[in-house]
Student: 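Quick one: structure below, then a few questions.
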Amino acid sequence: MIAIGVPAEGKDEPRIGLTPETVKKLVKAGATVTVRTGAGLRSHFSDQDYSDAGAKIAKTDADAVSGADVVFTVRRPPLSTAKAMKKGAALVGMLDPFSDAEGLDALAKTGVALFAMELMPRITRAQSMDVLSSQSNLAGYKAVVDAAAAFQRALPMMMTAAGTVPAARVFVMGVGVAGLQAIATARRLGAIVTATDVRPAVKEQVASLGAKFIAVEDEEFKQAETAGGYAKEMSADYKKKQAELVAEHVKNQDIVITTALIPGRPAPKLISKAMIESMRPGSIIMDLAAERGGNAELTEPGEIAEHKGVRIFGPLNLAGQVPVNASSLYARNLQAFIDPFIDKETKALAIDWDDELAKGTAIARDGAIVNAMVAERLGGKPASGAGAAAKAPAKTPSKRTATKRPPKGGKAP
Ligand code: NAD
């Protein structure tokens with residue numbers, strides 16, 4: 001019978017790796033689940049909720065994980081947690097695979113199998129396991145809600161006896177999962193929304209949400225999407241044309257939400273200081289790419305910067321600020337991932353190491369790094385073929401972002 005352990009997260013992480021709802025499902029599937037006391041409190045799940053769902057409550061993290069075949073975490077746990085685990089047990093979480101390679105190596109050397117959920121292949125079968133999507137979606141929503149709360153004017157147009165309140169203009173830069181939800185949320189709040197991206201596939205999606213698409217639509221733009229659906233680094237010429245278009249547009253915007261990311265690269269700089277200076281005082285930039293260095297020139301990760309009356313927010317864990325929903329979706333992602341690896345007859349853990357999803361997410365096995373990107377960062381070769389196809393992304397833009405970077409870490413620093 002498979003045993004699952006859930007330790008508490010660090011002080012900066014309100015989310016939790018399993019919720020009572022998923023505990024119930026796992027117990028029904030034949031698992032035993034042990035949760036560290038108080039681990040769910042910041043997501044508003046009490047020990048009682050977990051017990052009612054069928055979990056045992058452990059006094060310490062070590063007690064929660066020592067008997068487990070699989071340990072579920074949100075962030076990369078401290079080394080002591082991995083040391084308390086059984087050799088060969090699996091640690092599944094957002095392990096931030098491209099920062100602190102030495103720390104990751106130390107975790108690997110404990111003999112625990114490491115699975116980084118950020119590396120989940122983006123194939124149809126894995127959609128329910130895609131933690132980047134589930135968390136980015138909530139981040140996109142929260143970005144708009146926070147921007148609206150900080151903006152000292154109304155978002156919707158209001159026609160009153162005392163005159164008309166104009167609708168606010170919201171510009172979303174980068175229309176991936178977070179950007180799409182940001183557009184939808186801003187539209188629901190009544191703003192006039194425009195959006196830009198370098199991937200042509202996005203144009204229709206933007207229009208279907210009632211927003212206007214703005215982009216330099218040249219030949220390069222038409223080829224800008226990778227087979228994996230991600231953006232490519234654009235040429236210097238394209239970037240120049242894009243900057244001119246954005247500069248012209250941004251000066252009339254009230255709120256700019258930036259989410260632009262390119263796998264393997266630092267976040268592209270899309271909003272210069274001059275563009276910020278062109279915006280009206282009271283305008284807001286919400287830079288979701290802050291964790292990767294930021295899309296705006298003046299973004300300070302984790303801080304609110306102010307320049308000539310424009311406030312630039314650099315939030316680092318927006319999904320963590322909606323922890324109840326974020327934990328629920330995240331826990332379902334993890335459950336969906338582990339479920340196929342529970343033997344239906346013996347109910348024991350049976351990882352199929354040849355499975356595309358196990359291969360894609362595995363970082364370490366039997367004490368050795370098996371992911372090429374991580375191995376390259378450590379200056380070596382992976383121990384086996386697992387995950388060996390990909391090329392290492394560029395280094396993290398700064399130590400600060402590297403150490404604090406939350407969920408999106410998997411795709412690129
Ligand atoms: P992301 O977080 O990597 O990037 C956010 C957005 O920034 C992307 O849309 C990207 O094109 C854009 N961007 C990059 N450089 C830019 C620039 N210079 N200017 C403007 N925009 C720029 O993206 P994501 O949210 O992970 O989504 C990427 C794609 O993957 C989306 O099409 C999404 O629908 C798709 N997706 C597929 C699956 C699946 O099939 N399982 C799951 C999730 C997402």
Side-chain angles (χ1 to χ4, degrees), residues 98 117-141 143 171-184 194-206 208-209 213-218 220-247 249-250 256-272 275 287-296 318-319 329 333 336-337 356-357 360-361 393 405-413:
F98 305 125
M117 289 297 282
E118 302 100 314
L119 301 179
M120 188 62 69
R122 283 193 150 172
I123 57 173
T124 308
R125 181 161 69 92
Q127 270 179 1
S128 59
M129 311 166 198
D130 189 340
V131 297
L132 293 180
S133 290
S134 71
Q135 305 303 295
S136 297
N137 186 41
L138 287 165
Y141 156 79
F171 182 37
V172 177
M173 304 188 72
V175 191
V177 178
L180 281 173
Q181 187 55 257
I183 294 172
T194 49
T196 189
D197 200 293
V198 289
R199 291 182 301 116
V202 161
K203 192 176 174 178
E204 261 180 47
Q205 296 167 0
V206 169
S208 72
L209 289 170
F213 189 63
I214 298 202
V216 177
E217 298 186 43
D218 63 6
E220 185 178 348
F221 171 82
K222 288 177 191 148
Q223 316 292 328
E225 186 159 324
T226 64
Y230 287 117
K232 285 181 183 160
E233 175 87 41
M234 304 304 275
S235 69
D237 181 48
Y238 186 92
K239 283 186 195 161
K240 187 168 169 280
K241 286 192 274 183
Q242 186 188 31
E244 282 163 11
L245 182 76
V246 169
H249 189 64
V250 153
V256 179
I257 312 273
T258 65
T259 77
L261 292 172
I262 306 157
R265 319 284 311 174
K269 285 278 176 273
L270 302 176
I271 308 228
S272 65
M275 290 183 205
D287 192 348
L288 268 66
E291 57 206 48
R292 246 16 117 64
N295 289 141
L318 273 179
L329 299 182
N333 292 145
F337 174 62
E356 197 176 354
L357 308 184
T361 51
R405 183 160 46 81
K408 300 235 39 148
K411 278 187 317 211

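Note that ligands are numbered from 1 as they come in the structure, with each ligand's atoms numbered from 1 the same way.
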Student: Which ligand 1 atoms are under 4.0 Å away from a heavy-atom of I262?
Tutor: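 Contacts of ligand 1 toward I262, numbered from 1: 14 (C), 15 (N).
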
Student: Does any non-hydrogen side-chain atom of L132 lie less than 4.5 Å from one of M120?
Tutor: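 No, side chains not in contact.
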
Student: With backbone taken as N, CA, C and O and side chain as the heavy atoms from C-beta onward, which portion of D130 lies under 4.0 Å from ligand 1: side chain, backbone, both, or neither?
Tutor: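 The side chain, only.
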
Student: Please determine if G176 has a nitrogen or oxygen closer than 3.5 Å to a nitrogen or oxygen of ligand 1.
Tutor: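 Yes.
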
Student: Out of E233, K232, R122, whose heavy atom sits nearest atom 26 (O) of ligand 1?
Tutor: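 It is R122 that holds the nearest heavy atom.
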
Student: Has ligand 1 got any nitrogen or oxygen that is less than 3.5 angstrom from a nitrogen or oxygen of Q242?
Tutor: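 The answer is yes, given that Q242 and ligand 1 share an N or O pair closer than 3.5 Å.
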
Student: Looking only at atom types and distance, does a side-chain atom of D287 sit under 3.5 Å from a main-chain N or O of A296, one as donor and one as acceptor?
Tutor: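 Side chain of D287 to backbone of A296: a pair is present.
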
Student: Applying the side-chain contact (heavy atoms from CB on, under 4.5 Å) criterion to V175, which one of T196, L209, V206, V198 satisfies it?
Tutor: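 Answer after filtering T196, L209, V206, V198: V206.
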
Student: Tell me whether ligand 1 is touched by R199 - counting only heavy atoms on the residue side and a distance under 4.0 Å.
Tutor: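 Yes, that is the case, since the closest heavy atom of the residue is under 4.0 Å from the ligand.
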
Student: Would you check whether V177 has a nitrogen or oxygen atom less than 3.5 angstrom from a nitrogen or oxygen atom of ligand 1?
Tutor: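 Between V177 and ligand 1 (N or O atoms, distance only) the closest approach is under 3.5 Å.
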
Student: Suppose I only count heavy atoms of V175 and a 4.0 Å limit; which atoms of ligand 1 are within that range?
Tutor: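 With V175 as reference, the close atoms of ligand 1 come out as 6 (C), 9 (O).
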
Student: Just so I know, are the side chains of L270 and V246 near enough to count as touching, which here means a heavy-atom distance under 4.5 Å?
Tutor: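 They are not in side-chain contact.
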
Student: For Y141, give me all partners under side-chain contact (heavy atoms from CB on, under 4.5 Å), at least two apart in sequence or on another chain.
Tutor: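 Testing Y141 for side-chain contact (heavy atoms from CB on, under 4.5 Å), a comparison that skips the adjacent residues, returns V145, Q181, T185.
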
Student: Mark up the atoms of ligand 1 that fall under 4.0 Å of a heavy atom belonging to S133, in ascending order.
Tutor: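 Numbered from 1, ligand 1 contributes 42 (C), 43 (C), 44 (C).
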
Student: Any side-chain heavy atom of T361 within less than 4.5 Å of one from F337?
Tutor: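 T361 reaches F337 side chain to side chain.
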
Student: Look at atom NZ of K203 and say whether more than 12 heavy atoms of other residues, nucleotides or ligands are closer to it than 6.0 Å.
Tutor: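 Not more than 12 within 6.0 Å, no.
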
Student: According to side-chain contact (heavy atoms from CB on, under 4.5 Å), who are the partners of T194, at least two apart in sequence or on a separate chain?
Tutor: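 T194: side-chain contact (heavy atoms from CB on, under 4.5 Å) contacts with F171, K212, I214, H249, Q253.
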
Student: Does the residue M234 have a heavy-atom contact with ligand 1, meaning some pair of atoms that are separated by less than 4.0 Å?
Tutor: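 M234: no contact with ligand 1 (<4.0 Å).
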
Student: Ignoring hydrogens, just give me the one of L270, D197, T259 whose non-hydrogen atom is nearest atom 5 (C) of ligand 1.
Tutor: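 Looking at heavy atoms only, the winner is T259.
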
